[in-house]
Amino acid sequence: MKTLLTVICILTVACTNTNNKAIKIKLSLVDSAFLEEGFDTTAIYEPSCLHYKGKPLFVVGQDIKQFDTSFSFRYDPNGKYEKYFPAIKDYLSLDDFYSAELSTGSIVGVLYFSADSNGHIFKFVGGWSIDGDLVDTSGMEIMSYLHDKYFPCLPPDFKGKQTFELTHKNFIENFKLNYLPDTSENKNDITPHWSLNYSIMLTKKKNGM
(Lines give C-alpha, C1' and ligand atoms only; values in the text may rest on other atoms or scores of the structure.)
Protein backbone atom coordinates (compact mmCIF):
# COMPACT_ATOMS: atom_id res chain seq x y z
CA MET A 1 0.00 0.00 0.00
CA LYS A 2 2.82 2.37 0.89
CA THR A 3 4.47 1.59 -2.42
CA LEU A 4 1.27 2.43 -4.30
CA LEU A 5 0.92 5.76 -2.45
CA THR A 6 4.53 6.56 -3.19
CA VAL A 7 4.03 5.91 -6.90
CA ILE A 8 0.89 8.08 -6.93
CA CYS A 9 2.73 10.93 -5.22
CA ILE A 10 5.61 10.69 -7.67
CA LEU A 11 3.25 10.73 -10.66
CA THR A 12 1.30 13.67 -9.20
CA VAL A 13 4.46 15.71 -8.67
CA ALA A 14 5.71 14.81 -12.16
CA CYS A 15 2.44 15.86 -13.80
CA THR A 16 2.39 19.11 -11.83
CA ASN A 17 5.94 19.93 -12.85
CA THR A 18 5.15 19.11 -16.48
CA ASN A 19 2.07 21.36 -16.45
CA ASN A 20 3.98 24.19 -14.80
CA LYS A 21 6.75 23.82 -17.37
CA ALA A 22 4.22 23.92 -20.20
CA ILE A 23 2.64 27.06 -18.74
CA LYS A 24 6.04 28.73 -18.43
CA ILE A 25 6.91 27.83 -22.03
CA LYS A 26 3.54 29.20 -23.18
CA LEU A 27 4.08 32.44 -21.28
CA SER A 28 7.56 32.69 -22.71
CA LEU A 29 6.20 32.32 -26.25
CA VAL A 30 3.58 35.00 -25.61
CA ASP A 31 6.18 37.35 -24.13
CA SER A 32 8.39 36.80 -27.17
CA ALA A 33 5.44 37.58 -29.47
CA PHE A 34 4.74 40.83 -27.64
CA LEU A 35 8.43 41.67 -27.71
CA GLU A 36 8.57 41.01 -31.45
CA GLU A 37 5.56 43.24 -32.10
CA GLY A 38 6.67 45.90 -29.60
CA PHE A 39 3.42 45.68 -27.63
CA ASP A 40 3.60 47.65 -24.37
CA THR A 41 0.59 47.16 -22.09
CA THR A 42 1.49 50.34 -20.19
CA ALA A 43 1.66 52.58 -23.27
CA ILE A 44 -1.15 54.95 -24.27
CA TYR A 45 -1.99 54.66 -27.95
CA GLU A 46 -3.85 57.13 -30.15
CA PRO A 47 -6.92 56.15 -32.20
CA SER A 48 -6.22 54.59 -35.58
CA CYS A 49 -6.74 56.35 -38.89
CA LEU A 50 -8.96 53.45 -40.02
CA HIS A 51 -12.58 54.56 -39.59
CA TYR A 52 -15.83 52.67 -39.26
CA LYS A 53 -19.03 54.61 -39.87
CA GLY A 54 -17.43 57.96 -39.15
CA LYS A 55 -15.32 57.01 -36.11
CA PRO A 56 -11.91 55.37 -35.56
CA LEU A 57 -12.41 51.60 -35.59
CA PHE A 58 -9.89 50.78 -32.90
CA VAL A 59 -7.14 51.91 -30.55
CA VAL A 60 -4.14 49.66 -29.96
CA GLY A 61 -4.61 47.98 -26.60
CA GLN A 62 -8.40 48.28 -26.54
CA ASP A 63 -10.64 45.33 -25.72
CA ILE A 64 -12.34 43.77 -28.75
CA LYS A 65 -15.59 44.19 -26.81
CA GLN A 66 -15.21 47.94 -27.38
CA PHE A 67 -15.74 47.62 -31.14
CA ASP A 68 -18.84 49.24 -32.56
CA THR A 69 -21.61 46.72 -31.87
CA SER A 70 -22.48 46.55 -35.58
CA PHE A 71 -18.91 45.68 -36.62
CA SER A 72 -18.75 41.99 -37.57
CA PHE A 73 -15.71 39.77 -37.05
CA ARG A 74 -14.89 36.18 -36.18
CA TYR A 75 -12.13 33.99 -34.81
CA ASP A 76 -9.47 33.08 -37.38
CA PRO A 77 -8.08 29.54 -36.76
CA ASN A 78 -5.38 30.05 -39.40
CA GLY A 79 -4.01 33.37 -38.16
CA LYS A 80 -0.39 34.29 -37.49
CA TYR A 81 -0.52 33.33 -33.82
CA GLU A 82 -2.54 30.11 -34.03
CA LYS A 83 0.15 28.20 -32.08
CA TYR A 84 -0.24 30.64 -29.17
CA PHE A 85 -3.97 29.93 -28.70
CA PRO A 86 -5.63 30.66 -26.30
CA ALA A 87 -3.05 33.10 -24.90
CA ILE A 88 -3.30 34.98 -28.21
CA LYS A 89 -6.28 34.86 -30.53
CA ASP A 90 -6.45 35.86 -34.20
CA TYR A 91 -9.53 37.38 -35.80
CA LEU A 92 -10.70 38.45 -39.24
CA SER A 93 -13.47 40.67 -40.51
CA LEU A 94 -15.31 40.72 -43.81
CA ASP A 95 -17.68 43.44 -42.68
CA ASP A 96 -19.76 44.80 -45.58
CA PHE A 97 -18.79 48.37 -44.68
CA TYR A 98 -15.30 47.78 -46.05
CA SER A 99 -16.50 46.73 -49.50
CA ALA A 100 -18.31 48.81 -52.11
CA GLU A 101 -19.52 48.87 -55.71
CA LEU A 102 -18.76 52.22 -57.36
CA SER A 103 -19.46 53.58 -60.83
CA THR A 104 -15.77 53.34 -61.77
CA GLY A 105 -14.89 50.11 -59.99
CA SER A 106 -15.29 48.00 -56.87
CA ILE A 107 -13.53 47.66 -53.51
CA VAL A 108 -13.36 44.49 -51.40
CA GLY A 109 -11.72 44.66 -47.99
CA VAL A 110 -10.67 42.17 -45.33
CA LEU A 111 -9.20 42.93 -41.90
CA TYR A 112 -6.98 40.77 -39.68
CA PHE A 113 -6.10 41.46 -36.07
CA SER A 114 -4.70 39.73 -33.00
CA ALA A 115 -5.47 40.17 -29.31
CA ASP A 116 -4.10 38.84 -26.03
CA SER A 117 -6.04 36.59 -23.63
CA ASN A 118 -7.83 39.67 -22.24
CA GLY A 119 -8.98 40.72 -25.69
CA HIS A 120 -6.53 43.62 -26.05
CA ILE A 121 -5.61 44.31 -29.68
CA PHE A 122 -1.90 44.54 -30.45
CA LYS A 123 -1.66 43.72 -34.17
CA PHE A 124 -3.80 44.93 -37.07
CA VAL A 125 -3.57 44.46 -40.84
CA GLY A 126 -6.01 45.29 -43.64
CA GLY A 127 -6.13 44.62 -47.36
CA TRP A 128 -8.38 45.99 -50.11
CA SER A 129 -8.68 44.54 -53.59
CA ILE A 130 -9.51 47.32 -56.04
CA ASP A 131 -11.13 46.62 -59.40
CA GLY A 132 -10.65 49.84 -61.31
CA ASP A 133 -8.19 52.16 -62.98
CA LEU A 134 -6.39 54.51 -60.61
CA VAL A 135 -3.98 56.07 -63.10
CA ASP A 136 -6.46 58.43 -64.76
CA THR A 137 -9.35 60.62 -63.64
CA SER A 138 -11.60 57.59 -63.06
CA GLY A 139 -9.42 56.80 -60.05
CA MET A 140 -10.59 59.97 -58.34
CA GLU A 141 -13.89 58.38 -57.26
CA ILE A 142 -12.17 55.33 -55.77
CA MET A 143 -9.50 57.34 -53.98
CA SER A 144 -12.09 59.78 -52.64
CA TYR A 145 -14.14 56.87 -51.32
CA LEU A 146 -11.10 55.36 -49.58
CA HIS A 147 -10.33 58.73 -48.02
CA ASP A 148 -13.87 59.72 -47.02
CA LYS A 149 -15.07 56.34 -45.75
CA TYR A 150 -11.99 54.56 -44.42
CA PHE A 151 -8.84 56.68 -44.11
CA PRO A 152 -9.37 60.44 -43.63
CA CYS A 153 -5.66 60.79 -42.89
CA LEU A 154 -4.59 59.91 -46.45
CA PRO A 155 -2.88 62.89 -48.13
CA PRO A 156 -3.99 64.21 -51.57
CA ASP A 157 -0.80 62.93 -53.23
CA PHE A 158 -1.13 59.36 -51.96
CA LYS A 159 -2.27 58.00 -55.34
CA GLY A 160 0.86 59.37 -56.97
CA LYS A 161 3.36 58.36 -54.31
CA GLN A 162 1.56 55.06 -53.56
CA THR A 163 3.09 54.89 -50.09
CA PHE A 164 2.36 56.78 -46.88
CA GLU A 165 3.38 56.54 -43.23
CA LEU A 166 1.51 58.20 -40.40
CA THR A 167 3.69 58.42 -37.30
CA HIS A 168 2.13 58.46 -33.83
CA LYS A 169 3.79 58.54 -30.44
CA ASN A 170 3.83 54.77 -29.96
CA PHE A 171 3.08 53.33 -33.41
CA ILE A 172 3.17 53.93 -37.16
CA GLU A 173 0.39 53.33 -39.68
CA ASN A 174 1.64 52.13 -43.07
CA PHE A 175 -0.22 52.42 -46.38
CA LYS A 176 0.83 50.93 -49.72
CA LEU A 177 -0.85 50.91 -53.14
CA ASN A 178 0.18 48.09 -55.46
CA TYR A 179 -0.63 47.54 -59.12
CA LEU A 180 -1.53 43.92 -59.90
CA PRO A 181 -0.96 42.95 -63.57
CA ASP A 182 -3.79 41.09 -65.28
CA THR A 183 -2.92 37.41 -65.80
CA SER A 184 -6.10 36.35 -67.60
CA GLU A 185 -5.95 34.90 -71.12
CA ASN A 186 -8.36 37.48 -72.52
CA LYS A 187 -6.08 40.48 -72.98
CA ASN A 188 -8.74 42.38 -74.97
CA ASP A 189 -10.89 42.96 -71.91
CA ILE A 190 -8.45 43.90 -69.19
CA THR A 191 -9.71 45.49 -65.99
CA PRO A 192 -6.88 47.07 -63.98
CA HIS A 193 -6.43 45.63 -60.52
CA TRP A 194 -4.87 47.37 -57.53
CA SER A 195 -4.50 46.58 -53.87
CA LEU A 196 -4.30 48.81 -50.82
CA ASN A 197 -2.39 47.33 -47.90
CA TYR A 198 -2.68 48.79 -44.42
CA SER A 199 -0.81 47.80 -41.27
CA ILE A 200 0.31 49.14 -37.93
CA MET A 201 3.86 48.88 -36.60
CA LEU A 202 4.29 49.43 -32.87
CA THR A 203 7.24 51.56 -31.86
CA LYS A 204 9.70 49.62 -29.75
CA LYS A 205 11.42 51.26 -26.81
CA LYS A 206 15.20 51.40 -26.58
CA ASN A 207 15.23 48.68 -23.91
CA GLY A 208 13.62 46.28 -26.38
CA MET A 209 9.95 46.94 -25.78
Side-chain angles (χ1 to χ4, degrees), residues 45-62 64-76 79-80 90-115 121-184 186-202:
Y45 296 92
E46 300 173 2
S48 65
C49 171
L50 177 60
H51 277 47
Y52 181 76
K53 298 183 178 180
K55 297 180 180 180
L57 174 64
F58 73 97
V59 177
V60 176
Q62 81 167 47
I64 59 173
K65 294 178 181 178
Q66 293 177 288
F67 277 132
D68 186 297
T69 55
S70 62
F71 174 66
S72 62
F73 62 95
R74 64 176 174 81
Y75 171 63
D76 180 7
K80 178 178 180 179
D90 297 305
Y91 300 88
L92 67 82
S93 172
L94 297 170
D95 194 287
D96 290 340
F97 180 78
Y98 291 110
S99 297
E101 289 288 341
L102 307 176
S103 62
T104 53
S106 62
I107 303 171
V108 178
V110 57
L111 307 177
Y112 302 92
F113 53 96
S114 302
I121 299 169
F122 68 91
K123 186 174 182 61
F124 205 103
V125 176
W128 282 261
S129 176
I130 302 171
D131 246 354
D133 198 346
L134 300 183
V135 298
D136 58 21
T137 54
S138 64
M140 294 177 62
E141 180 191 28
I142 295 174
M143 295 307 300
S144 294
Y145 193 90
L146 292 172
H147 175 277
D148 297 343
K149 291 289 185 178
Y150 307 149
F151 299 109
C153 66
L154 287 177
D157 61 352
F158 175 59
K159 186 178 75 170
K161 291 186 175 181
Q162 299 183 7
T163 61
F164 175 60
E165 284 189 358
L166 182 61
T167 302
H168 301 269
K169 181 180 179 181
N170 292 307
F171 72 105
I172 298 172
E173 293 179 278
N174 294 294
F175 304 82
K176 176 68 176 177
L177 271 177
N178 296 291
Y179 177 70
L180 307 176
D182 191 293
T183 58
S184 64
N186 184 7
K187 299 300 181 180
N188 296 320
D189 186 21
I190 297 177
T191 300
H193 295 271
W194 293 75
S195 68
L196 169 60
N197 298 323
Y198 165 76
S199 63
I200 62 169
M201 181 175 67
L202 305 185

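Not measured: the values here are computed from a predicted model.
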In Å, rounded to the nearest 0.5 Å, how long is the span from CD1 of I172 to OG of S199? 10.0 Å
CA sep, side-chain torsions, deciding dist, call: L196, I130, side-chain contact (heavy atoms from CB on, under 4.5 Å): CA-CA 8 Å; L196 169 60; I130 302 171; 4.3 Å; yes
Measure from the side-chain N and O atoms of E101 to the backbone N and O of S106, and report whether any donor-acceptor pair falls under 3.5 Å. no
Working to the nearest 0.5 angstrom, can you tell me the gap between L177 CG and F164 CZ? 12.5 Å
Please report the C-alpha distance between C153 and F175 in whole Å, then the side-chain angles of each, then the deciding distance to 0.1 Å, and finally whether the side-chain contact (heavy atoms from CB on, under 4.5 Å) criterion is met. CA-CA 11 Å; C153 66; F175 304 82; 3.8 Å; yes
For the NZ atom on K159, are there more than 12 heavy atoms of other groups (residues, nucleotides or ligands in this structure) within a distance under 6.0 Å? yes
Would a line drawn from the ring center of Y198 to the ring center of Y150 be shorter than 6.0 Å? no
Please report whether the ring centroid of F113 lies less than 6.0 Å from that of F122. no
Non-hydrogen atoms of I200 and E173 that approach each other most closely: CG2-CG, 4.1 Å
Would you say CG of D157 has more than 12 non-hydrogen atoms from neighbouring residues, nucleotides or ligands within 6.0 angstrom? yes
Mind checking the NE2-CG spacing from H51 to D68? Nearest 0.5 Å is all I need. 12.5 Å
If I compare all heavy atoms of K53 with all of F97, which pair ends up nearest, and what's the gap? N-CZ, 3.3 Å
What are the two closest heavy atoms between S114 and D90, and how far apart are they? OG-OD1, 2.6 Å
List the atom of G126, the atom of L111, and the distance in Å for their closest heavy-atom pair. CA-CD2, 3.9 Å
Worked check of side-chain contact (heavy atoms from CB on, under 4.5 Å) between I64 and F58: CA-CA 9 Å; I64 59 173; F58 73 97; over 6 Å; no
Check whether any side-chain heavy atom of F67 lies under 4.5 Å from a side-chain heavy atom of Q62, and answer yes or no. yes
Between H168 and F171, how do the two ring planes meet: parallel, tilted or perpendicular, split at 30° and 60°? parallel
Between OG on residue S129 and CD1 on residue I107, distance to nearest 0.5 Å: 10.0 Å
Mind checking the CH2-CG spacing from W194 to D133? Nearest 0.5 Å is all I need. 7.5 Å
Within-4.5 Å side-chain heavy-atom neighbours: L202 and V60: yes
Decide if the gap between the ring center of Y112 and the ring center of Y91 is smaller than 6.0 angstrom. no
Is there a donor-acceptor contact under 3.5 Å from the side chain of S48 to the main chain of P56? no
Take atom NZ of K161 as the centre, draw a 6.0 Å sphere, and report whether it contains more than 12 heavy atoms from other residues, nucleotides or ligands. no
Looking only at non-hydrogen atoms, find the nearest pair between V59 and P47 and report the distance. CG2-CA, 3.6 Å
Locate the shortest heavy-atom distance separating G109 from L94; write the atom from each residue and the value. O-CD2, 4.2 Å
I'd like to know if the side chain of N170 reaches the main chain of Y45, judged simply by a donor and an acceptor atom lying under 3.5 Å from each other, with no hydrogens or angles considered. no
Just by distance, with hydrogens left out, do D95 and S93 show a side-chain donor and acceptor under 3.5 Å apart? no
May I ask you to decide if the ring planes of Y98 and Y52 are parallel, tilted or perpendicular, using 30° and 60° as cut-offs? tilted
Between W128 and F151, does the ring centroid distance fall short of 6.0 Å? yes
L102 and I142, any side-chain heavy atoms less than 4.5 Å apart: yes
